[in-house]
Protein chains: 2
Amino acid sequence: MARTGRPRGFDRDAAIEGAMRLFWHHGYDGTSLDRLRRGMGGISSASFYAAFGSKAALYREALDRYLASHGRVVAPLHDESLPPRERIFETLKRSARMQADTTHPTGCLVTLSALLGGDEDDAVRALTAKERASNRNRIRRCVEQAVTAGELSGLTNVEGLASLLDGILLGLSIQARDGVPSQVLTAAIETADALWNANRAR
Amino acid sequence: MARTGRPRGFDRDAAIEGAMRLFWHHGYDGTSLDRLRRGMGGISSASFYAAFGSKAALYREALDRYLASHGRVVAPLHDESLPPRERIFETLKRSARMQADTTHPTGCLVTLSALLGGDEDDAVRALTAKERASNRNRIRRCVEQAVTAGELSGLTNVEGLASLLDGILLGLSIQARDGVPSQVLTAAIETADALWNANRAR
DNA sequence: CGACTTATGGATCGATTATTCCAGATGATG
DNA sequence: CATCATCTGGAATAATCGATCCATAAGTCG
């Protein structure tokens, strides 16, 4: 598997990192090839297509990079060894803190970067929509488990409570993008604890 | 104020309505002049600019149209004669119902249509950002009033609870756009009542 | 009817979009 | 050193973007 031919003149990894930030900030449609190439270290058009294939293919890689880095704040939601309540609220807390951090674009790339647009980018939008649906399902199953385990009341409206918690998670992105500061978002999540407690079995 | 000259060949009002739906569905950037003109009744380029001035100016009119029609679901939030709790939850209930209605684009135009994009449309984005900030402030003042009136506990984290409620409102848009059905969103809002009750003064 | 005002169809504008092409550069391999 | 594979700078592609121009149409008004 020898690597022959002229070596790449730029850091592919750093280029993806730069692309991720641009997509995160301006969205898929709002990030032009021109801006992309400049933000990836000033690479040429030929280099871009040789290395990444297309804008959509790069977006896919940038999304993966996000999920493997900043997007890991939802890891507790994926950890089935944690109690349901902790899975949800730890995810919310970490999301609030990360999304309001101004050392990178605010809000969540999955929520913001490919939400609307023309009909031609349906496939791109489907990528993030799938992630959001996955989170939604995981939240719902947490609530279901808590009811089954007797932690939450059997009278709990599972779909409703799950949707509310999912909505809170999604709403963080828009608030963060609107400049709502970190401590306010964190306080909001702490306030949300009341939702769980109000539905506890007694 | 006599009206001279050749009369307009299309219904300006219906054209704005069509534009509003397109901006609502595809966002500001995602709606091209071409699609716009077709969706406004097949008017010509010259007619478009004679009647509306520019794409941005039309968006402004479409936004106003939205605020005066479907956007009126937030009217309770503006009605200072209502008790704070009712102002907030009536707004949430109406928003959930309206935004999940599939007879028009799902979600909220103010929340979705001008959220991201290139640097050139800052002015357009500011229009909806201003509306969202206004709603945020109104929600916060409702919570403040409820605390002052002794309805909510003096220990309530006002900023936190307000942000949480605002986040729920904003999150509805993304959930609705993701296809979450009306009854689920409505159930979510009903569940949110617990937030208010948990903070009641005792 | 003629003067005036506004709207329209349709071509056209320059700028920007994502993408491709080509000639030359730069390495590894035999 | 010659061959081969890959990458690179930069020009060029067709399509689309928002916007403008112009000749003509269709009204009102004197």
Side-chain angles (χ1 to χ4, degrees), chain A residues 1-16 18-19 22-23 26-62 113-114 116-125 127, chain B residues 1-16 18-19 22-23 26-62 113-114 116-125 127:
Chain A
M1 197 69 53
R3 187 135 181 78
T4 173
R6 176 174 175 175
R8 211 190 306 276
F10 64 94
D11 185 341
R12 194 179 192 280
D13 214 60
I16 292 177
L22 289 173
F23 284 134
H26 299 107
Y28 179 77
D29 289 318
T31 309
S32 70
L33 256 293
D34 208 53
R35 196 205 302 258
L36 219 32
R37 280 170 28 225
R38 264 183 280 123
M40 292 165 83
I43 68 178
S44 79
S45 208
S47 299
F48 178 92
Y49 283 93
F52 303 104
S54 72
K55 183 184 178 184
L58 171 65
Y59 179 78
R60 214 177 276 257
E61 290 202 56
S113 71
L116 268 56
D119 298 324
E120 58 279 0
D121 307 314
D122 280 346
V124 169
R125 270 196 297 279
L127 296 177
Chain B
M1 196 65 56
R3 185 132 183 81
T4 171
R6 177 175 174 173
R8 210 190 308 275
F10 65 95
D11 184 340
R12 193 179 193 282
D13 214 59
I16 292 177
L22 288 173
F23 284 133
H26 299 107
Y28 179 76
D29 289 317
T31 309
S32 69
L33 255 295
D34 206 55
R35 197 205 301 260
L36 221 32
R37 281 169 28 225
R38 263 183 281 123
M40 293 165 83
I43 67 178
S44 79
S45 204
S47 298
F48 177 91
Y49 283 93
F52 303 104
S54 71
K55 183 186 177 184
L58 170 65
Y59 179 78
R60 215 176 276 257
E61 290 201 57
S113 72
L116 268 56
D119 299 324
E120 59 278 2
D121 306 315
D122 280 346
V124 168
R125 270 196 297 279
L127 296 176

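Atoms considered below: every heavy atom in the structure, side chains included; atoms not considered: hydrogens, waters and symmetry mates.
- Protein atom CG of L33(A) is 16 Å distant from nucleotide atom P of dT16(D), rounded to whole Å.
- Rounded to a whole Å, the CG atom of L36(B) is 10 Å from the P atom of dA19(D).
- Remark: C1' of dA15(D) and CD of E120(A) are 12 Å apart, rounded to the nearest angstrom.
- When rounded to the nearest whole Å, the span between CG of L58(B) and P of dC17(D) equals 16 Å.
- The shortest distance between the side-chain N/O atoms of Y49(A) and the OP1/OP2 oxygens of dT20(C) is not below 4.0 Å.
- Across the protein-nucleic acid pair, F23(A) atom CZ and dA18(C) atom C1' stand 12 Å apart, rounded to whole Å.
- Using a 4.0 Å heavy-atom criterion, one finds that S44(B) contacts the bases of the nucleic acid, with or without backbone contacts as well.
- Counting only heavy atoms from C-beta on, P7(B) has its side chain closest to dG27(D) among dT8(D), dG27(D), dT19(C).
- Atoms CZ and CG, on F52(B) and L36(B) in that order, are 8.5 Å from each other to the nearest 0.5 Å.
- Looking at R125(A), its side chain never comes within 3.5 Å of a backbone N or O of A114(A) through a donor-acceptor pair.
- The listed nucleotides are dC21(C), dA25(C), dT8(C); the one nearest the side chain of R6(A) is dA25(C).
- With distances taken from any side-chain atom of S47(B) to the nucleotides dT19(C), dA19(D), dT8(C), the minimum falls on dT8(C).
- Between the CD1 atom of I43(A) and the C1' atom of dA18(C) there is a distance of 14 Å, rounded to whole Å.
- In this structure, A50(B) and G5(A) both approach DNA chain C, and ranking their closest nucleotides by distance from the 5' end singles out A50(B).
- Atom NZ of K55(B) is separated from atom C1' of dA19(D) by 12 Å (rounded to the nearest Å).
- Judged by distance alone with a 3.5 Å cut-off, a donor-acceptor contact links the side chain of S45(A) to the base of dT19(C).
- In terms of modelled atom types and a separation under 3.5 Å, the side chain of D11(A) and the main chain of A14(A) share a donor-acceptor contact.
- For R8(B), a side-chain nitrogen or oxygen approaches OP1 or OP2 of dA7(C) to under 4.0 Å.
- The neighbour count for R60(B) CZ, taken as heavy atoms of other residues, nucleotides or ligands under 6.0 Å away, does not exceed 12.
- F52(B) comes within 4.0 angstrom of nothing in the nucleic acid, heavy atoms only.
- Residue D34(A) has its side chain nearest to dT17(C) when only dT8(D), dT8(C), dT17(C) are considered.
- Following rounding to the nearest Å, D29(A) (CG) and dG18(D) (P) show an atom-to-atom distance of 12 Å.
- The side chain of T4(A) approaches dA28(C) more closely than any other nucleotide in the set dA26(D), dA28(C), dG10(D).
- Shown here for I16(A) and E61(A), the closest heavy-atom pair between the two residues is CD1-OE1, 3.2 Å.
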